[in-house]
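Counting starts at 1 for both ligands and their atoms, following the listed order.
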Amino acid sequence: MYGKSVLVTGASSGMGKACAEYLRNKGYHVYGASRHSDGSIEADDKSGGFIKMVRMDVRDDETVKSVVDSMAQEEGGIDIVINCAGYALAGAVEDTTPQEATDEFDTNFFGVLRVCRAVLPCMRAKGNGLIINIGSVAGFIAIPYQSMYSASKYALEALSQAMRIEVKPFGIKVVLIEPGDVRTGFTSGRVWTEVSKGATPYKERCQKAVEAMEHSEMSGPGPEIVVKAVAKIIASKNPPIRTVVGADYKLIAFLKRLVPDRLIEYVVAKMYS
Ligand SMILES: NC(=O)c1ccc[n+]([C@@H]2O[C@H](COP(=O)([O-])OP(=O)(O)OC[C@H]3O[C@@H](n4cnc5c(N)ncnc54)[C@H](OP(=O)(O)O)[C@@H]3O)[C@@H](O)[C@H]2O)c1
């Protein structure tokens with residue numbers, strides 16, 4: 001429906017890697033972006049699909065532009081983008097410097113902005129395209145001791161929902177996938193703020209809260225659960241604005257609309273304290 005060329009950011013690990021492999025096996029020409037690309041090409045002879053690993057730091061305009069330009073040259077454009085690149089930042093608000101918060105936003109929010117701005121001109125020229133942004137349940141329920149991660153995902157929700165309306169007249173669709181805890185490299189890649197590594201009044205509570213989340217991530221489903229959502233979206237003429245991934249999280253999303261904020265706050269505080 002959308003065409004064969006796909007850009008997947010964060011393709012070296014977790015959800016991005018699993019999506020890239022799935023799409024290669026379905027015959028797509030996948031450009032898998034990561035900061036540490038080895039330039040490898042993995043082809044699937046049966047389907048004709050491939051994954052070409054390309055170097056991109058979503059914090060760096062030049063590397064984003066260079067990948068998009070080479071896809072335009074080699075593939076005649078970009079049909080689908082899956083924005084997976086991201087990481088978690090742990091630490092209480094008081095223990096997080098503006099620079100650490102800025103870095104988090106630079107990847108999780110501005111990284112998506114950079115990629116979208118770079119691909120939209122070719123999608124508009126084709127009059128077709130699909131952008132899948134990987135948000136999070138933390139993008140609609142604020143997580144204590146990971147507030148900047150949550151904030152970056154809340155911001156991504158707003159960007160996605162507003163952009164969706166703006167680009168619809170050009171035939172481009174924008175959707176959000178909001179996973180709950182998933183077993184990937186995300187847990188080991190979690191960054192702690194400098195202050196939170198030392199003695200701070202928040203230390204014990206912060207550690208307990210993040211440990212609870214890490215336990216949930218490591219005992220959660222693998223990235224295939226996100227691949228399933230991606231496959232459904234790509235096959236759908238009119239994909240939903242947001243897809244929450246994980247049965248428990250679907251229920252949480254549903255309840256969030258029905259119950260008072262104080263009750264949600266009580267449950268979240270219980271979960272992470
Ligand atoms: N796992 C979960 O529980 C969970 C839940 C909800 C949402 N999410 C979201 O899902 C997305 C994928 O995460 P994951 O779970 O698959 O984690 P992961 O296994 O740690 O993968 C993260 C990917 O992001 C890439 N990345 C990080 N910073 C980058 C940068 N500056 N430029 C380019 N690539 C960068 C990494 O590649 P390199 O290091 O090779 O550059 C890696 O491929 C993230 O946006 C995350 O916030 C995860």
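Annotation: side-chain hydrogen bond (donor to acceptor under 3.5 Å, both in side chains) contacts of T97 (sequence neighbours excluded): E100. Partners of F186 according to the ring-ring contact (aromatic ring centres under 6.0 Å, His included) rule, which considers only residues two or more places apart in sequence or in another chain, are Y149.
Contact shell of ligand 1 (protein heavy atoms, cutoff 4.0 Å): G10, A11, S12, S13, G14, M15, S34, R35, H36, M56, D57, V58, C84, A85, G86, T107, I134, G135, S136, Y149, K153, P179, G180, D181, V182, T184, G185, F186, E217.
Under a cutoff of 6.0 Å and an axis angle of 45°, R124 and F170 form a cation-pi pair.
Between atom CD1 of residue I143 and atom CE of residue M148 there is a gap of 13.5 Å, rounded to the nearest 0.5 Å.
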Ignoring hydrogens and angles, write down the donor-acceptor pairs under 3.5 Å from the side chains of residues 78-91, residues two or more places apart or on other chains.
| residue | atom | partner | partner atom | Å |
| --- | --- | --- | --- | --- |
| D79 | OD1 | K126 | NZ | 2.7 |
| D79 | OD2 | K4 | N | 2.9 |
| D79 | OD2 | S5 | N | 2.9 |
| D79 | OD2 | S5 | OG | 3.0 |
| N83 | ND2 | N133 | OD1 | 2.8 |
| Y87 | OH | R59 | NH2 | 3.3 |
| Y87 | OH | E104 | N | 3.2 |

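Ring planes of F50 and H29: parallel class, angle under 30° (limits at 30 and 60°).
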